There are 2 protein chains.
Amino acid sequence: MKTMPNDLLIARLQSHLALDESERNGLAGLPCQMRSMPGRNLALAGKLSENHVHMIIEGYACRYRDLADGRRQILSLLMPGDVIDLRQFVLGGMQPAVATLSVATLAAIPNASLFRLLEDHPRITTALWSTTLVEESISREWLVSIGKRSAIERMAHLLCETFLRLAAVGRTEGARFPLPLTQSELADALGLSTVHVNRTLQELRKSGQIAFQAGTVEIFDFNALAAQAMFSPDYLHLREMPLIGAVPA
Amino acid sequence: MKTMPNDLLIARLQSHLALDESERNGLAGLPCQMRSMPGRNLALAGKLSENHVHMIIEGYACRYRDLADGRRQILSLLMPGDVIDLRQFVLGGMQPAVATLSVATLAAIPNASLFRLLEDHPRITTALWSTTLVEESISREWLVSIGKRSAIERMAHLLCETFLRLAAVGRTEGARFPLPLTQSELADALGLSTVHVNRTLQELRKSGQIAFQAGTVEIFDFNALAAQAMFSPDYLHLREMPLIGAVPA
DNA sequence: CGGGCGCAATAACTTAGGTTAGGCGGAAAC
DNA sequence: GTTTCCGCCTAACCTAAGTTATTGCGCCCG
């Protein structure tokens with residue numbers, strides 16, 4: 001049961017760096033408003049307060065960039081446990097746009113409270129830093145995908161990655177997980193066209209690797225899919241990875 | 001004159017966050033060994049001590065990933081002022097491989113000294129964190145390039161980005177700057193084939209946009225090149241950007 | 001000083017993936 | 001309850017970029 005927002009934050013931070021009792025207590029004491037985003041495809045641009053740091057509690061969102069002529073690139077998927085606006089918190093200025101991909105609920109922590117907490121507990125700064133480094137690591141892996149992997153490999157890689165990230169926060173059910181993206185959103189994430197995403201999914205279905213309907217993916221043989229994608233999970237920096245073996249072959 | 005390694009580090013950190021006197025003094029007092037890497041194309045894997053954080057003082061390097069079947073993706077270019085191994089410092093574990101792209105000289109700071117400094121000056125942690133966030137921001141922009149920009153746009157974008165990054169550390173001369181990459185290294189960075197990099201460079205030359213010979217690039221009209229690439233420099237998070245205007249049109 | 005090698009250049013040909021254009025079905029809207 | 005719209009699917013065709021191959025040059029090395 002990780003629906004308490006502060007617990008989710010603590011769990012996320014501890015997945016990279018062990019925290020002591022007083023640090024955990026400090027985090028647990030952070031004031032934290034819940035904010036629910038009612039629908040999909042909502043740009044969060046003006047909707048999120050600049051004076052708060054937000055974390056996804058439930059649902060999906062993405063970072064994206066639009067080019068002047070309408071091309072769009074989705075830069076990352078954001079899932080429960082992911083913190084959205086640390087860049088803004090640290091560097092100020094703008095960060096890439098964020099939009100929901102499903103109904104979502106966010107937790108909002110006032111910047112000032114977080115600042116105060118970090119003054120008392122400098123190691124929490126390091127823990128938060130870690131989460132941004134992991135995000136960067138994922139970004140880099142996407143770079144490898146888009147730069148060097150074929151369409152099927154890319155798709156397979158994204159599915160493997162998403163499966164493990166969700167498993168780490170308890171959002172998988174066996175080999176199934178929710179993936180509420182349209183094919184054209186997948187296309188924007190993978191640097192492909194919508195049509196080709198469709199072809200690619202057909203191929204993965206026909207070869208019996210996955211099922212994907214109604215926003216739910218099922219991976220029939222994780223290890224095979226991972227091999228095809230040249231997926232290796234180190235870059236996710238998950239400390240525990242009990243689930244790969246647990247997936248039925 | 002930024003050849004003193006600690007000064008370069010201070011300058012880099014201050015480009016994101018103003019530091020006070022005692023913080024600057026602390027940084028200036030960091031012990032720091034110089035290490036020179038004699039040639040290009042040296043993987044730094046075993047060569048860098050895990051007990052030090054390294055910064056590039058002179059020369060070029062890159063992060064890269066090799067896939068099992070020989071495909072390679074260059075993930076980022078590292079230039080004077082860039083810190084190489086903060087991920088390892090914070091998260092431990094592996095980070096993507098790094099290789100030199102020219103003769104280079106590095107500064108090595110013992111992890112232990114840095115840890116001690118960060119305990120006394122927590123804001124320096126935030127400043128270091130900022131540098132990794134800027135790197136991430138650049139990664140994301142590469143993602144946009146490889147995902148959505150055409151070959152010429154990609155090349156133009158890389159040249160604009162590199163020009164500004166080098167200008168920020170005083171490594172440009174007017175509109176010229178060193179870029180000691182082979183066409184096949186450029187290909188690995190841009191997600192293109194060597195042949196197509198060649199074609200693309202020819203085209204940029206024929207249209208009078210750039211000169212590129214002997215490892216030196218000259219940009220004849222920065223603003224035009226930036227427009228073609230849909231380059232906008234915000235993502236580099238440079239606080240001062242006096243140089244765009246200064247480039248002759 | 002001659003042979004080999006890495007890099008740039010270019011040409012000929014192939015292909016993965018993009019583009020355009022429909023059709024089909026379900027769900028929200030009126 | 002029909003209309004509209006959006007998402008999925010398919011087919012035909014196109015093109016940007018990949019692949020393979022050859023040449024030539026400068027440089028290091030023997």
Side-chain angles (χ1 to χ4, degrees), chain A residues 38-42 60 67 69-74 99 101-103 145-158 178-206 210-217 228-229, chain B residues 38-42 67 69-74 99-103 145-158 178-206 210-217 228-229:
Chain A
R40 44 175 290 112
N41 230 326
L42 295 173
Y60 284 73
L67 295 182
D69 58 358
R71 286 177 272 179
R72 159 171 304 191
Q73 176 68 41
I74 290 180
L101 292 169
S102 72
V103 173
S145 275
I146 298 189
K148 287 282 130 83
R149 282 189 252 253
S150 71
I152 306 199
E153 290 168 339
R154 262 181 247 188
M155 179 67 74
H157 196 275
L158 181 71
L179 190 67
L181 305 211
T182 67
Q183 293 185 351
S184 111
E185 286 159 347
L186 282 170
D188 286 339
L190 296 171
L192 296 171
S193 68
T194 311
V195 174
H196 204 63
V197 163
N198 187 290
R199 291 196 273 249
T200 304
L201 286 174
Q202 297 304 338
E203 198 169 339
L204 285 171
R205 280 195 269 246
K206 272 173 202 152
I210 63 160
F212 185 3
Q213 47 192 319
T216 298
V217 174
Q228 175 166 24
Chain B
R40 46 176 288 114
N41 230 326
L42 295 173
L67 295 181
D69 58 358
R71 287 177 272 179
R72 160 170 305 190
Q73 177 68 41
I74 290 180
T100 58
L101 293 168
S102 72
V103 173
S145 274
I146 298 189
K148 287 282 132 86
R149 281 189 252 254
S150 71
I152 306 199
E153 290 168 341
R154 265 181 244 188
M155 179 66 75
H157 196 276
L158 181 70
L179 189 68
L181 306 211
T182 66
Q183 293 186 351
S184 111
E185 285 159 347
L186 282 169
D188 285 341
L190 296 172
L192 296 171
S193 68
T194 312
V195 174
H196 204 63
V197 163
N198 188 290
R199 289 196 274 250
T200 304
L201 287 174
Q202 296 305 336
E203 197 168 338
L204 285 171
R205 281 195 270 246
K206 272 172 203 152
I210 62 160
F212 185 2
Q213 47 192 318
T216 298
V217 174
Q228 175 166 24

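In this text the structure is predicted, and so the values were computed from the model without any measurement.
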Which value, rounded to the nearest 0.5 Å, describes the distance between A:Asn198 atom CG and A:Leu186 atom CG? 10.5 Å
In a check of side chain to side chain contact (heavy atoms under 4.5 Å, CB included) between A:Leu179 and each of A:Leu101, A:Thr216, A:Val217, which one passes? A:Val217
Exercise: identify the closest heavy-atom pair between A:Ile146 and A:Gly191: CD1-N, 4.3 Å
Please encode protein proximity along nucleotides 11-28 of chain D as a string of B, S and -, counting only heavy-atom distances under 4.0 Å. BB----BBBB--------
A:Leu181 CG to D:dG7 P: how many Å, rounded? 12 Å
When A:Gln73, A:His196, A:Arg154 are each screened for side chain to side chain contact (heavy atoms under 4.5 Å, CB included) with A:Leu190, the one that passes is A:Arg154
Pairing residues for B:His157 by the ring-ring contact (aromatic ring centres under 6.0 Å, His included) criterion, not counting sequence neighbours: B:Phe231, B:Tyr235
Mind checking what makes side-chain hydrogen bond (donor to acceptor under 3.5 Å, both in side chains) contact with A:Glu203, not counting sequence neighbours? none
DNA chain C: first to last nucleotide in contact with chain B (atom under 4.0 angstrom from a heavy atom), 5' to 3', is C:dC7 to C:dA12
Please confirm whether the backbone N or O of A:Pro178 pairs with a side-chain atom of A:Tyr60, one donor and one acceptor, at under 3.5 Å? yes
Whole angstrom is fine here: how far is it from CD in A:Gln213 over to P in D:dC8? 12 Å
Tell me, with the steps shown, if A:Arg71 and B:Glu153 meet salt bridge (charged side-chain N to carboxylate O under 4.0 Å, His left out). CA-CA 13 Å; A:Arg71 286 177 272 179; B:Glu153 290 168 341; 3.0 Å; yes
List in chain and number order the residues that pass salt bridge (charged side-chain N to carboxylate O under 4.0 Å, His left out) with B:Arg149, two or more places apart in sequence or in another chain; answer none if no residue qualifies. B:Glu141
Evaluate the side-chain proximity of B:Gln183 to B:Val195: yes if any heavy-atom separation is below 4.5 Å, no if none is. no
Report for the helix from C:dC1-D:dG30 to C:dC30-D:dG1: angle between first-end and last-end helix axes, five pairs each, rounded to 10 degrees. 40°
For A:Leu201 and D:dC9, what is the distance between atoms CG and P respectively, to the nearest whole Å? 8 Å
Within this structure, what is the CD-to-C1' distance between A:Gln183 and D:dG7, rounded to whole angstrom? 8 Å
